Amino acid sequence: MPELPEVETVRRGLNRLVKGATIASIDVYWPKIINNDLDSFKSRLAGQTIEKIDRRGKYLLFRFTGGLTMVSHLRMEGKYNVVPANTSRTKHTHVVFHLTDDRDLWYNDTRKFGRMTLVPTGEESTVGGLNKIGPEPVADQLTVAYMTAIFAKSKKMIKPLLLDQSKIAGIGNIYADEVLWMSKIHPMRPANLLTADEIATLHQNIIDEMAMAIKGHGTTVHSFSTAFGEAGQFQNQLHVYGREGEPCERCGTLIEKIKVAQRGTHFCPHEQRL
DNA sequence: CCAGCAGCCTGACAGC
DNA sequence: TGCTGTCAGGCTGCTG
């Protein structure tokens, strides 16, 4: 569930299902997922109530009574589920939060890449990538002036720059390809060579695409059958991601897939020129 | 500063 | 069928 629209969909699902719930106890089956001392993580959360779940970029912020925040990053495959108490866990259930209302909140993660960190509320900006995270991709926080300034300073290729969470929060591999196609910009173009018109177009497309994807409840690439984010419909509205070999919707040229900065990258070689 | 690459993990899929 | 290599929506840390 990785990019911002998917994480936002999970956040909304969690607020609907477990806001106000109280943790009775916690079982952890893959300790590396917890960045804190395990016993302290469990004992500090026992008895705490979930006030709400916030989000910053791709990070979920569970706000607890008692002034605690649990920062949770899903990385590639992390998922939350709510199940009846004592449901037998699956091979990919690595953390179980037992709630006091006869339900369990599961954290499932096939590849075990996700991480959780418990900190005093207000200190979440010390956690991992949150200490240097860029503005959210919404109109009142991400401005054309800001993008113009950071692009002018960088000769890096535009795609890896869009994926850099310290520059703009929340964009991942799917939406980076999508917004570059919409903006007719080659993914390998050095950022400092974008024109003012291209930056303005890209800025608008980033904001519109994120909003549209949230409205569509995110993108579901693999067909899983559980959890909150999986009602995602936005995969039906992708223009280039996963469409290599298919004709570009605008010009008919076949979409190509290449590697850019070690990431699979889809683009139209006719319209997206270097 | 940057680019490149290994590492973290498991599962799905293509090709032999 | 089984084996091998590659790939996957992310991020960190190391190297040159």
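Model, not experiment: these values are computed from the prediction. Just so we're on the same page: letters track the sequence lines, and every chain starts at 1.
A salt bridge (Lys or Arg N to Asp or Glu O under 4.0 Å) check over residues 188-212 of chain A, counting only residues at least two apart or in different chains, returns the pairs A:R189-A:E198. Residue pairs satisfying the salt bridge (Lys or Arg N to Asp or Glu O under 4.0 Å) criterion with at least one member in residues 105-131 of chain A, sequence neighbours excluded, are listed as follows: A:R63-A:E124. Residue pairs meeting the ring-ring contact (aromatic ring centres under 6.0 Å, His included) criterion with at least one member in residues 113-172 of chain A: none, sequence neighbours excluded. Applying the salt bridge (Lys or Arg N to Asp or Glu O under 4.0 Å) test to residues at least two apart or on different chains, the pairs with a partner in residues 260-274 of chain A are A:R250-A:E271.
Between A:I158 atom CD1 and B:dC2 atom P the separation is 13 Å, expressed in whole Å. Here the P atom of nucleotide B:dG11 and the CG atom of A:N108 are 12 Å apart, to the nearest Å. The interatomic distance linking A:K159 (NZ) with B:dG4 (P) rounds to 14 Å, in whole Å. For A:F234 and C:dG9, the CZ to C1' distance is 14 Å, given to the nearest whole Å. Rounded to whole Å, atom P of C:dG10 lies 16 Å from atom CG of A:L130. Atom NZ in A:K79 sits about 12 Å away from atom P in B:dG11, given to the nearest Å. Atom pair A:K167:NZ and C:dG10:P shows a separation of 17 Å (rounding to whole Å applied). In this structure, the CG atom of A:D164 is 13 Å from the C1' atom of B:dC1, given to the nearest Å.
The shortest distance between the side-chain N/O atoms of A:K259 and the OP1/OP2 oxygens of C:dT6 is not below 4.0 Å. Put simply, A:H73 has no side-chain N or O that comes within less than 4.0 Å of OP1 or OP2 on C:dG10. For C:dC11, one of the phosphate oxygens OP1 or OP2 lies less than 4.0 angstrom from a side-chain nitrogen or oxygen of A:K58.
For the P atoms, the distance linking C:dT6 with B:dC5 amounts to 13 Å, nearest Å. Comparing the P positions of C:dC3 and B:dC9 gives a spacing of 24 Å, expressed to the nearest Å.
Qualifying ring pair (Phe, Tyr, Trp, His ring centres under 6.0 Å) partners for A:H203, counting only residues two or more places apart in sequence or in other chains: none. By the side chain to side chain donor-acceptor pair (under 3.5 Å) test, A:T117 is found to be paired with A:N35, residues two or more places apart in sequence or in another chain being considered. With sequence neighbours excluded, no residue forms a ring pair (Phe, Tyr, Trp, His ring centres under 6.0 Å) with A:F41. In this structure A:T93 satisfies the side chain to side chain contact (heavy atoms under 4.5 Å, CB included) test together with A:R89, A:T90, A:V96, A:W106, A:N108, sequence neighbours excluded.
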Nucleotides 5-10 of chain B: protein proximity per nucleotide (B base, S sugar-phosphate only, - neither; heavy atom, under 4.0 Å): B--BBB
Identify every side-chain donor-acceptor pair in residues 157-168 of chain A under 3.5 Å, counting partners at least two apart or on other chains, and give the distances.
from   : atom 1 : to     : atom 2 : distance (Å)
A:K159 : NZ     : A:N173 : OD1    : 2.6
A:K159 : NZ     : A:D177 : OD1    : 2.8
A:K159 : NZ     : A:G264 : O      : 3.2
A:K159 : NZ     : A:T265 : OG1    : 2.9
A:D164 : OD1    : A:S166 : N      : 2.9
A:D164 : OD1    : A:S166 : OG     : 2.7
A:D164 : OD2    : A:S166 : OG     : 3.4
A:D164 : OD2    : A:K167 : NZ     : 3.0
A:Q165 : OE1    : A:G170 : N      : 2.8
A:Q165 : NE2    : A:L163 : O      : 3.0
A:Q165 : NE2    : A:I171 : O      : 2.9

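Nucleic acid contact class of A:Y175 (heavy atoms, under 4.0 Å, all strands): none. Residue contacts shown for A:K156 are limited to sugar-phosphate atoms, with no base heavy atom under 4.0 Å away.
The aromatic ring centres of A:F62 and A:F97 sit 6.0 Å or more apart.
Looking at A:L194, A:T195, A:T201, A:N205 one by one, the single match for side-chain contact (heavy atoms from CB on, under 4.5 Å) with A:I185 turns out to be A:L194.
If you find the closest nucleotide of DNA chain C to A:Q165 and to A:G264, the one lying nearer the 5' end belongs to A:G264.
Among the duplex regions that DNA chain C forms, those built from at least three successive Watson-Crick or G-U pairs under 3.5 Å are B:2-8 with C:10-16, B:10-16 with C:2-8, ordered by first number.
Side-chain atoms of A:Y59 lie closest to C:dT12 of the nucleotides C:dG10, C:dT12, B:dA3.
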What's touching nucleotides 14-16 of chain C from the protein side, N or O pairs under 3.5 Å?
none

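Ion pairing between a basic and an acidic side chain is recognised when a charged N comes within 4.0 Å of a carboxylate O; A:R56 and A:D54 show no such pairing.
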